[in-house]
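See structure below.
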Amino acid sequence: MHTPRQKGLNRYTGDTQRTHATDVLIIGGGPAGTWAAISAAANGASVILVDKGFCGTSGATAPSGTGVWYVKPDQDTREHAKASRYEMGGRLAEHAWMDRVLEQTWTNLHQLAEWGYPFPVDEFGEERRTSLQGPEYMRLMRKRTKAAGVKILDHSPALELLVHEDGSVGGATGINRLNGETWGIRAGAVVMAAGGCAFLSRALGCNVLTGDGLLMAAETGAELSGMEFSNAYGLGPAFSSVTKSLFYNWANFYDATGTLIEGAGSTRGRGIIAQRLQTEPVFARLDRADPQIQSWMRTAQPNFFVSFDRRQINPFTDLFPVSLRLEGTVRGTGGLNVVADDCATNVPGLYAAGDAATRELICGGFTGGGSYNAAWALSSGFWAGAGAARYSRQTKATSPREIWRAGQTGLPNTKHRPWSAQEVIRQVQAEVFPYTRNWTREGEELNDSLSRLDALWENISIGSPLGSALDVVKAREAAAMLATSRWMYRSALARTETRGMHRRSDFKTTDPEQRHRITCGGLSDLWTSTASVHDTIATQT
Ligand SMILES: Cc1cc2nc3c(=O)[nH]c(=O)nc-3n(C[C@H](O)[C@H](O)[C@H](O)COP(=O)(O)OP(=O)(O)OC[C@H]3O[C@@H](n4cnc5c(N)ncnc54)[C@H](O)[C@@H]3O)c2cc1C
């Protein structure tokens with residue numbers, strides 16, 4: 001492995017407009033980041049949390065109602081819960097991790113109740129803790145994060161990680177989007193909780209999720225896993241970004257003549273819709289919801305109805321056009337690989353939590369949306385925060401003084417060959433949005449896309465985009481989306497079978513010999529490898 005000096009990285013000398021030092025730096029302030037911050041502080045660490053948006057309102061959870069994998073600690077009930085997605089996920093989930101997440105989620109939801117989260121009460125007087133309203137949940141998480149003494153820097157996207165001579169991570173630099181000031185934070189350890197990558201598809205809450213954390217981590221040598229499970233598409237009205245899809249369980253789907261599309265309303269119906277959308281518009285109507293369900297829907301997810309009300313469409317009686325928006329790894333399951341119970345990555349000093357990390361450990365290769373992801377975000381955040389605090393404490397005295405900037409592509413450099421972030425984003429989207437390419441994959445098309453994406457990477461890795469300091473944020477987003485698309489298609493190529501949400505038209509069945517995880521990494525030269533799935537049954541943590 002090359003040292004930062006050998007790689008020719010630039011030294012960080014405190015040359016940012018703001019400088020800070022802390023034990024633990026958390027990048028991203030969604031559920032994973034805020035739980036990590038609270039947990040790190042509870043373990044005695046000083047903590048700074050930076051968010052691209054306003055922590056508490058930014059990211060995929062904040063605007064949504066969120067189902068949570070909250071299951072009472074009864075063995076049969078928990079076994080049943082674990083089994084519910086095990087087969088669909090292609091048997092890649094691991095029992096020990098599922099058990100740990102179920103237990104930690106149970107504990108953390110009790111904690112939320114103690115903190116005053118207003119859980120609704122059922123007819124037996126029991127609190128219903130299987131879902132959380134995003135705005136209330138995240139408002140409470142921000143309040144508790146601040147109460148824990150954590151310093152929050154809002155509107156302050158991280159742009160790159162800082163690394164020591166030995167390759168360990170020791171902080172990050174970024175920019176304040178409101179005033180353009182650059183910042184640098186030296187930290188004993190970093191938790192990457194910057195969410196997944198939804199490729200700027202405008203899915204609800206996702207336009208801040210451009211894979212920045214994956215790129216920053218990969219630049220330090222972090223490996224990823226499950227990137228082939230990255231083709232989640234969210235169903236929603238064609239005229240709105242609301243991709244909350246629960247209510248479509250009560251929908252029927254129709255073609256332009258009003259003829260029912262058979263099978264589209266079933267559990268496996270998304271494939272039928274995706275196929276139809278390739279050639280014609282598809283319409284929906286929530287006509288299977290009776291009046292009682294209709295009124296429950298209005299209270300359960302009020303924001304679902306906003307765009308309908310604005311257009312004076314009654315979704316229970318009127319047909320409306322639908323689309324599928326790419327949610328990428330957000331409701332997929334791939335992300336940074338974690339190599340220990342405390343969510344450490346393979347890079348010392350770097351921890352991963354929430355959608356930035358792989359969720360294969362609990363839901364294999366089938367979407368983490370619906371309840372698993374929320375449980376993973378709060379559990380992995382909790383463990384990563386504690387792990388980072390511990391690591392920081394242990395290494396404090398020995399921390400080397402010199403530190404380097406690990407970021408490269410899309411950051412200002414001396415090679416002046418300007419490129420346009422918007423154009424890179426457009427080209428990446430053209431490869432990853434089409435259902436024909438990404439919903440169902442095919443070897444030749446994957447290679448075809450990869451040849452263009454690889455060439456694009458080579459083009460943008462020499463030179464930097466021209467523009468203001470704030471344009472750098474856009475450039476890094478473009479670079480991160482491009483890197484993510486390449487890991488995703490390279491992993492998809494390596495899995496020559498159909499498993500979980502990864503569908504290959506040239507390998508239509510599941511190959512028992514490929515019941516392994518696909519890991520990947522690299523920037524210019526990508527690599528993939530395999531890792532085994534551990535079948536050990538739960539030991540209590
Ligand atoms: C429409 C929709 C509905 C969903 N419903 C469910 C559900 O019902 N149940 C379920 O389990 N899951 C659901 N999910 C998935 C769930 O929302 C996510 O898994 C969850 O939000 C992950 O939490 P997180 O903290 O990792 O990421 P996020 O909540 O996405 O937060 C990431 C944070 O990182 C910040 N960030 C990004 N880049 C940077 C950067 N460079 N520097 C600093 N900060 C950065 C963002 O601003 C954001 O605040 C849904 C997702 C969508 C899109």
Side-chain angles (χ1 to χ4, degrees), residues 25-37 49-70 101 105 130-134 137-138 141-142 152-161 172-175 177 183 191-198 201-216 232-236 241-246 301 303-304 325-333 335-336 352-357 359 362-363 367-378 380-381 384 407 473 476-477 480:
L25 166 65
I26 316 280
I27 300 181
T34 47
W35 277 105
L49 182 152
V50 296
D51 197 287
K52 189 190 270 188
F54 183 82
C55 165
T57 65
S58 191
T61 290
S64 288
T66 293
V68 188
W69 209 31
Y70 175 80
V101 167
T105 302
T130 49
S131 77
L132 293 162
Q133 290 300 332
Y137 174 30
M138 291 313 302
M141 289 308 293
R142 180 181 174 97
I152 299 178
L153 304 184
D154 292 308
H155 302 292
S156 298
L159 293 174
E160 64 181 336
L161 292 174
T173 77
I175 194 163
R177 294 212 292 192
W183 54 258
V191 177
M192 189 55 75
C197 181
S201 68
R202 302 210 171 106
L204 187 62
C206 290
N207 260 26
V208 283
L209 308 174
T210 44
D212 308 2
L214 307 184
L215 174 62
M216 286 186 266
Y233 284 82
L235 182 63
S241 64
V242 179
T243 43
K244 290 298 297 174
S245 43
L246 176 69
Q301 286 181 19
N303 67 355
F304 181 89
R325 278 176 203 276
L326 184 63
E327 290 176 343
T329 69
V330 173
R331 274 202 273 194
T333 63
L336 296 169
D355 287 358
R359 283 134 288 153
I362 61 161
C363 47
T367 178
S371 68
Y372 285 65
N373 269 357
W376 172 255
L378 59 83
S380 60
V473 176
R476 284 295 273 174
E477 291 184 342

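All values derive from a computational prediction rather than experimental measurement. Just follow the structure's listing: the first ligand is 1, and inside any ligand the first atom is 1. When a residue number appears, it is its place in the shown sequence, counting from 1.
- Closest heavy-atom contact between G332 and A232: N-CB, 3.6 Å.
- In this structure a side-chain-to-backbone donor-acceptor pair under 3.5 Å is present from T367 to G369.
- If you check which protein heavy atom lies closest to atom 37 (C) of ligand 1, you get A194 O, 3.3 Å.
- The proximity of L209 to ligand 1, defined as any non-hydrogen pair under 4.0 Å, is limited to the side chain.
- In this structure, CE on M141 lies 3.5 Å from OG1 on T34, to the nearest 0.5 angstrom.
- Within the 4.5 Å cutoff, the side chain of D51 has no heavy atoms near those of the V208 side chain.
- Numbered from 1 in the order shown, with element, the atoms of ligand 1 that lie under 4.0 Å from a heavy atom of V208 read 37 (C), 38 (N), 46 (C), 47 (O).
- Ion pairing of K52 with D154 is absent here, as no side-chain N (NZ or NE/NH1/NH2) approaches a carboxylate O to less than 4.0 Å.
- Atom 43 (C) of ligand 1 has its closest protein heavy atom at K52 N, 3.4 Å.
- Contact atoms of ligand 1 toward S371: 9 (N), 10 (C), 11 (O) (distance under 4.0 Å to a heavy atom of the residue).
- Summary of contacts: the protein heavy atom closest to atom 12 (N) of ligand 1 is N373 CB, 3.6 Å.
- Looking from atom 21 (O) of ligand 1 to the surrounding protein, the closest heavy atom is T61 OG1, 2.6 Å.
- The closest protein non-hydrogen atom to atom 49 (O) of ligand 1 is D51 OD2, 2.6 Å.
- Among protein heavy atoms, the minimum distance from atom 31 (O) of ligand 1 is reached at G30 CA, 3.5 Å.
- Nearest protein neighbour of atom 26 (O) of ligand 1, counting heavy atoms only, is D355 N, 2.8 Å.
- Distances between N or O atoms of A158 and those of ligand 1 include at least one value under 3.5 Å.
- For D212, every heavy-atom contact with ligand 1 shorter than 4.0 Å involves the side chain, none the backbone.
- Aromatic ring pairs are classed by plane angle as parallel below 30°, tilted from 30° to 60° and perpendicular above 60°; the pair F54 and H155 is tilted.
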>> Show, in sequence, the C-alpha distance, side-chain angles and deciding distance for L161 and I27, and conclude whether the side-chain contact (heavy atoms from CB on, under 4.5 Å) test is met.
In response: CA-CA 10 Å; L161 292 174; I27 300 181; 3.8 Å; yes
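- In terms of protein heavy-atom proximity, atom 25 (O) of ligand 1 is nearest to A32 N, 3.0 Å.
- Near L204, meaning under 4.0 Å from one of its heavy atoms, ligand 1 places the atoms 53 (C).
- Between atom CG of residue L214 and atom OG1 of residue T329 there is a gap of 6.0 Å, rounded to the nearest 0.5 Å.
- For ligand 1, the atoms closer than 4.0 angstrom to any heavy atom of G195 are 27 (O), 32 (C).
- The part of E327 lying near ligand 1 is the side chain, judged by heavy-atom distances below 4.0 Å.
- The ligand atoms of ligand 1 that sit less than 4.0 angstrom from a heavy atom of G67 are 7 (C), 8 (O), 9 (N), 10 (C), 11 (O).
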- Query: S201 and E327: side chain to side chain donor-acceptor pair (under 3.5 Å), yes or no, with the steps?
  - Reply: CA-CA 7 Å; S201 68; E327 290 176 343; over 6 Å; no
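- Close approach of ligand 1 to I27 (heavy-atom distance below 4.0 Å) involves ligand atoms 42 (N), 43 (C).
- The distance from ligand 1 to the heavy atoms of V50 drops below 4.0 Å at these ligand atoms: 43 (C), 44 (N).
- In this structure, G53 has a heavy atom closer than 4.0 Å to ligand 1.
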Could you walk me through whether T105 and V68 pass the side-chain contact (heavy atoms from CB on, under 4.5 Å) check? CA-CA 8 Å; T105 302; V68 188; 3.7 Å; yes
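- Taking each of A375, G370, A374 in turn, the one with a heavy atom nearest to atom 13 (C) of ligand 1 proves to be G370.
- Residues R331 and S245 form a side-chain contact, since some pair of their non-hydrogen atoms from C-beta on lies under 4.5 Å apart.
- Close N/O approach between A60 and ligand 1 is found [any backbone or side-chain N/O within under 3.5 Å].
- Looking at heavy atoms from C-beta onward, Q133 lies out of side-chain contact with Q301 at the 4.5 angstrom threshold.
- When non-hydrogen atoms are compared, ligand 1 lies under 4.0 Å from the backbone of Y372 (N, CA, C, O) but not from its side chain.
- Distances shorter than 4.0 angstrom occur between a heavy atom of A193 and an atom of ligand 1.
- Looking at L159 and V473, their side chains come closer than 4.5 Å, going by heavy atoms from C-beta outward.
- Tested against P157, the residues E477, R476, R177 include a single side-chain contact (heavy atoms from CB on, under 4.5 Å) partner, R177.
- With rounding to the nearest 0.5 Å, the separation of CG in L215 from OG1 in T210 is 9.5 Å.
- Counting atoms of ligand 1 from 1 in the listed order, those under 4.0 Å from a heavy atom of C206 are 53 (C).
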